Amino acid sequence: LLSELTDLSIFKENSFDMVLSLSGTISYACEERTKMFRELVRVAKNGAPLIITVKCKPYYFKQLLHKIDLDKLTEPTKAGLWEMLDTNYKQYEDYPDEPPYYAFSGQELIELIERNNCDVLEIAGINCLTTHLYSQLEAIRENEAAWETALLIEEKISKSPGLWDAGEEILVVA
(Lines give C-alpha, C1' and ligand atoms only; values in the text may rest on other atoms or scores of the structure.)
Protein backbone atom coordinates (compact mmCIF):
# COMPACT_ATOMS: atom_id res chain seq x y z
CA LEU A 1 0.00 0.00 0.00
CA LEU A 2 1.17 3.51 -0.82
CA SER A 3 0.42 4.68 2.72
CA GLU A 4 2.97 2.17 4.02
CA LEU A 5 5.63 3.76 1.82
CA THR A 6 4.84 7.37 2.61
CA ASP A 7 4.27 7.00 6.35
CA LEU A 8 7.10 5.15 8.04
CA SER A 9 6.06 6.37 11.49
CA ILE A 10 6.43 2.82 12.84
CA PHE A 11 10.17 3.60 12.68
CA LYS A 12 11.89 6.21 14.80
CA GLU A 13 13.90 9.00 13.22
CA ASN A 14 17.54 7.99 12.57
CA SER A 15 16.80 4.24 12.81
CA PHE A 16 18.77 2.70 9.94
CA ASP A 17 22.43 2.48 8.95
CA MET A 18 21.39 2.22 5.28
CA VAL A 19 18.12 2.63 3.37
CA LEU A 20 17.33 0.80 0.14
CA SER A 21 14.49 1.67 -2.22
CA LEU A 22 14.88 -0.49 -5.29
CA SER A 23 12.84 -1.52 -8.36
CA GLY A 24 11.57 2.01 -8.90
CA THR A 25 9.45 2.07 -5.74
CA ILE A 26 9.64 5.86 -5.45
CA SER A 27 8.41 6.11 -9.05
CA TYR A 28 5.35 4.02 -8.19
CA ALA A 29 4.54 6.45 -5.38
CA CYS A 30 3.64 8.94 -8.18
CA GLU A 31 2.34 12.17 -6.58
CA GLU A 32 3.61 10.99 -3.19
CA ARG A 33 7.21 10.50 -4.38
CA THR A 34 8.58 13.51 -2.49
CA LYS A 35 6.80 12.48 0.70
CA MET A 36 8.18 8.95 0.36
CA PHE A 37 11.71 10.23 -0.17
CA ARG A 38 11.42 12.48 2.90
CA GLU A 39 10.38 9.48 4.98
CA LEU A 40 13.37 7.48 3.75
CA VAL A 41 15.66 10.35 4.74
CA ARG A 42 13.94 10.68 8.12
CA VAL A 43 14.45 7.04 9.11
CA ALA A 44 18.08 6.94 7.92
CA LYS A 45 20.79 7.76 10.42
CA ASN A 46 22.70 10.96 9.73
CA GLY A 47 25.30 10.12 7.08
CA ALA A 48 23.74 6.73 6.25
CA PRO A 49 23.67 5.90 2.54
CA LEU A 50 20.39 5.94 0.67
CA ILE A 51 20.48 3.60 -2.32
CA ILE A 52 17.60 4.30 -4.66
CA THR A 53 16.45 3.33 -8.12
CA VAL A 54 13.73 5.10 -10.07
CA LYS A 55 12.06 4.55 -13.42
CA CYS A 56 13.27 6.71 -16.28
CA LYS A 57 11.22 7.90 -19.21
CA PRO A 58 13.18 6.58 -22.23
CA TYR A 59 13.02 2.97 -21.00
CA TYR A 60 9.23 2.92 -21.28
CA PHE A 61 9.48 3.92 -24.94
CA LYS A 62 12.34 1.49 -25.59
CA GLN A 63 10.10 -1.31 -24.30
CA LEU A 64 7.36 -0.35 -26.76
CA LEU A 65 9.81 -0.63 -29.64
CA HIS A 66 11.46 -3.79 -28.33
CA LYS A 67 8.09 -5.53 -27.85
CA ILE A 68 6.84 -4.13 -31.16
CA ASP A 69 3.77 -2.91 -29.28
CA LEU A 70 1.70 -1.92 -32.29
CA ASP A 71 -1.46 -1.29 -30.24
CA LYS A 72 0.21 1.49 -28.28
CA LEU A 73 2.19 2.81 -31.22
CA THR A 74 -0.84 3.02 -33.53
CA GLU A 75 -3.07 4.53 -30.82
CA PRO A 76 -0.65 6.78 -28.94
CA THR A 77 -3.40 8.95 -27.47
CA LYS A 78 -5.24 5.95 -26.01
CA ALA A 79 -1.95 4.53 -24.73
CA GLY A 80 -1.05 7.81 -23.02
CA LEU A 81 2.24 8.11 -24.92
CA TRP A 82 1.96 11.85 -25.50
CA GLU A 83 0.88 12.37 -21.92
CA MET A 84 3.90 10.37 -20.72
CA LEU A 85 6.21 12.58 -22.79
CA ASP A 86 4.65 15.76 -21.42
CA THR A 87 4.09 14.83 -17.75
CA ASN A 88 6.47 11.91 -16.97
CA TYR A 89 3.48 9.84 -15.80
CA LYS A 90 2.84 6.36 -17.17
CA GLN A 91 -0.92 6.04 -16.75
CA TYR A 92 -2.90 3.01 -15.62
CA GLU A 93 -6.41 3.34 -17.05
CA ASP A 94 -5.96 2.07 -20.60
CA TYR A 95 -3.31 -0.54 -19.78
CA PRO A 96 -4.12 -1.95 -16.32
CA ASP A 97 -1.48 -4.67 -16.59
CA GLU A 98 1.10 -1.90 -16.14
CA PRO A 99 0.86 0.07 -12.88
CA PRO A 100 1.19 3.84 -13.11
CA TYR A 101 4.52 5.40 -12.27
CA TYR A 102 6.43 8.64 -12.44
CA ALA A 103 9.48 8.52 -14.72
CA PHE A 104 12.38 10.67 -13.52
CA SER A 105 15.24 12.27 -15.37
CA GLY A 106 18.63 12.09 -13.72
CA GLN A 107 18.58 15.85 -13.15
CA GLU A 108 15.16 15.69 -11.54
CA LEU A 109 16.33 12.95 -9.18
CA ILE A 110 19.39 15.02 -8.21
CA GLU A 111 17.12 18.00 -7.47
CA LEU A 112 14.81 15.87 -5.27
CA ILE A 113 17.79 14.62 -3.30
CA GLU A 114 19.37 18.04 -2.87
CA ARG A 115 16.05 19.69 -1.88
CA ASN A 116 15.96 17.23 1.01
CA ASN A 117 19.41 18.15 2.33
CA CYS A 118 21.20 15.10 0.96
CA ASP A 119 24.25 14.85 -1.24
CA VAL A 120 24.48 12.75 -4.39
CA LEU A 121 27.46 10.44 -3.97
CA GLU A 122 27.03 8.50 -7.19
CA ILE A 123 24.50 8.27 -10.00
CA ALA A 124 24.28 5.87 -12.93
CA GLY A 125 21.91 4.36 -15.42
CA ILE A 126 21.10 0.68 -14.96
CA ASN A 127 21.64 -1.43 -18.09
CA CYS A 128 22.33 1.46 -20.45
CA LEU A 129 23.85 -0.85 -23.09
CA THR A 130 22.59 -4.25 -22.04
CA THR A 131 18.82 -3.80 -21.91
CA HIS A 132 17.05 -6.89 -23.30
CA LEU A 133 20.30 -8.62 -24.29
CA TYR A 134 19.70 -11.66 -22.09
CA SER A 135 20.90 -14.43 -24.42
CA GLN A 136 23.83 -12.32 -25.62
CA LEU A 137 24.92 -11.64 -22.05
CA GLU A 138 24.71 -15.35 -21.22
CA ALA A 139 27.07 -16.10 -24.11
CA ILE A 140 29.49 -13.32 -23.11
CA ARG A 141 29.43 -14.51 -19.48
CA GLU A 142 30.99 -17.80 -20.56
CA ASN A 143 34.21 -15.96 -21.42
CA GLU A 144 35.67 -14.35 -18.29
CA ALA A 145 37.84 -11.79 -20.14
CA ALA A 146 34.97 -10.75 -22.42
CA TRP A 147 32.63 -10.51 -19.42
CA GLU A 148 35.04 -8.24 -17.53
CA THR A 149 35.37 -5.98 -20.55
CA ALA A 150 31.59 -5.84 -21.05
CA LEU A 151 31.09 -4.91 -17.38
CA LEU A 152 33.73 -2.18 -17.56
CA ILE A 153 32.16 -0.71 -20.69
CA GLU A 154 28.69 -0.78 -19.11
CA GLU A 155 30.03 0.87 -15.95
CA LYS A 156 31.80 3.67 -17.85
CA ILE A 157 28.79 4.32 -20.10
CA SER A 158 26.22 4.18 -17.31
CA LYS A 159 28.05 6.81 -15.25
CA SER A 160 28.22 9.33 -18.10
CA PRO A 161 25.96 12.28 -17.18
CA GLY A 162 24.32 12.31 -20.60
CA LEU A 163 23.47 8.62 -20.36
CA TRP A 164 22.01 8.29 -16.85
CA ASP A 165 18.56 8.42 -18.40
CA ALA A 166 19.33 5.79 -21.06
CA GLY A 167 19.06 2.70 -18.88
CA GLU A 168 16.17 0.72 -17.47
CA GLU A 169 16.27 2.74 -14.25
CA ILE A 170 18.44 5.37 -12.62
CA LEU A 171 20.48 4.33 -9.58
CA VAL A 172 21.62 6.89 -7.05
CA VAL A 173 23.58 6.67 -3.84
CA ALA A 174 22.92 9.67 -1.60
Side-chain angles (χ1 to χ4, degrees), residues 1-63 80 83-132 134 137 151-174:
L1 291 170
L2 183 57
S3 61
E4 293 174 357
L5 299 173
T6 58
D7 178 11
L8 301 176
S9 59
I10 61 170
F11 302 111
K12 293 180 184 175
E13 198 169 305
N14 301 313
S15 293
F16 298 100
D17 294 325
M18 177 180 4
V19 174
L20 298 172
S21 177
L22 304 177
S23 300
T25 307
I26 290 176
S27 291
Y28 291 113
C30 292
E31 290 87 7
E32 300 291 321
R33 63 192 177 276
T34 299
K35 185 177 180 183
M36 181 182 171
F37 184 78
R38 286 185 184 139
E39 278 293 276
L40 296 176
V41 171
R42 185 187 67 76
V43 300
K45 289 181 180 175
N46 190 23
L50 302 171
I51 302 172
I52 296 164
T53 64
V54 297
K55 301 288 184 189
C56 59
K57 191 184 317 188
Y59 181 66
Y60 177 73
F61 296 103
K62 284 182 187 179
Q63 283 182 302
E83 189 172 354
M84 172 79 166
L85 281 173
D86 294 340
T87 67
N88 293 3
Y89 281 100
K90 207 290 295 155
Q91 300 299 320
Y92 174 77
E93 291 79 17
D94 293 312
Y95 291 90
D97 58 318
E98 300 169 0
Y101 62 78
Y102 184 85
F104 285 82
S105 70
Q107 186 58 43
E108 201 174 5
L109 183 56
I110 290 169
E111 290 168 6
L112 172 66
I113 291 164
E114 290 176 347
R115 272 194 318 269
N116 288 280
N117 300 315
C118 294
D119 296 318
V120 175
L121 302 176
E122 192 157 344
I123 187 168
I126 297 176
N127 291 339
C128 289
L129 294 177
T130 56
T131 301
H132 300 299
Y134 308 115
L137 289 173
L151 290 178
L152 286 172
I153 292 169
E154 178 70 36
E155 179 183 13
K156 287 183 182 292
I157 294 293
S158 69
K159 291 181 179 180
S160 298
L163 297 175
W164 296 332
D165 300 333
E168 293 179 27
E169 292 184 344
I170 303 168
L171 167 75
V172 68
V173 179

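Only heavy atoms go into these numbers, but all of them, side chains included; no hydrogens, no water, no symmetry mates. Predicted model, so just to flag it, every value in this text is computed and none were measured.
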Check: Phe11 main-chain N/O paired with Arg42 side-chain donor or acceptor under 3.5 Å: yes
N/O donor-acceptor pair under 3.5 Å between Thr53 side chain and Ile170 backbone: no
Distance, nearest 0.5 Å, that separates CD of Glu108 from CZ of Arg33: 6.5 Å
Glu169 CD to Ile26 CD1 distance, which is reported to the nearest 0.5 Å: 11.0 Å
CA sep, side-chain torsions, deciding dist, call: Tyr102, Val54, side chain to side chain contact (heavy atoms under 4.5 Å, CB included): CA-CA 8 Å; Tyr102 184 85; Val54 297; over 6 Å; no
Distance in Å, Ile126 CD1 paired with Glu154 CD, rounded so as to fall on 0.5 Å steps: 10.0 Å
Contact summary for Met36 and Ala29, nearest pair of heavy atoms: SD-CB, 3.9 Å
For the student: nearest non-hydrogen atoms of Lys45 and Asn14, plus distance: CG-O, 3.2 Å
Rounded distance [0.5 Å steps], CZ in Phe37 versus CD1 in Ile52: 4.5 Å
Distance (rounded to the nearest 0.5 Å) between Ser158 OG and Ile153 CD1: 12.0 Å
Distance (rounded to the nearest 0.5 Å) between Phe16 CZ and Leu50 CG: 12.0 Å
Heavy-atom pair with the smallest gap, counting every atom of Val41 and Cys118: CG2-SG, 3.7 Å
Non-hydrogen side-chain atoms of Tyr28 and Leu5 separated by less than 4.5 Å: no
Closest contact, heavy atoms only, Leu22 versus Thr25: O-OG1, 2.7 Å
Exam field: side chain Asp165 to backbone Gly106, donor-acceptor pair closer than 3.5 Å: yes
Test: Glu39 and Lys35 ion pair at under 4.0 Å: no
Close side-chain approach of Trp164 to Ile110, heavy-atom, < 4.5 Å: yes
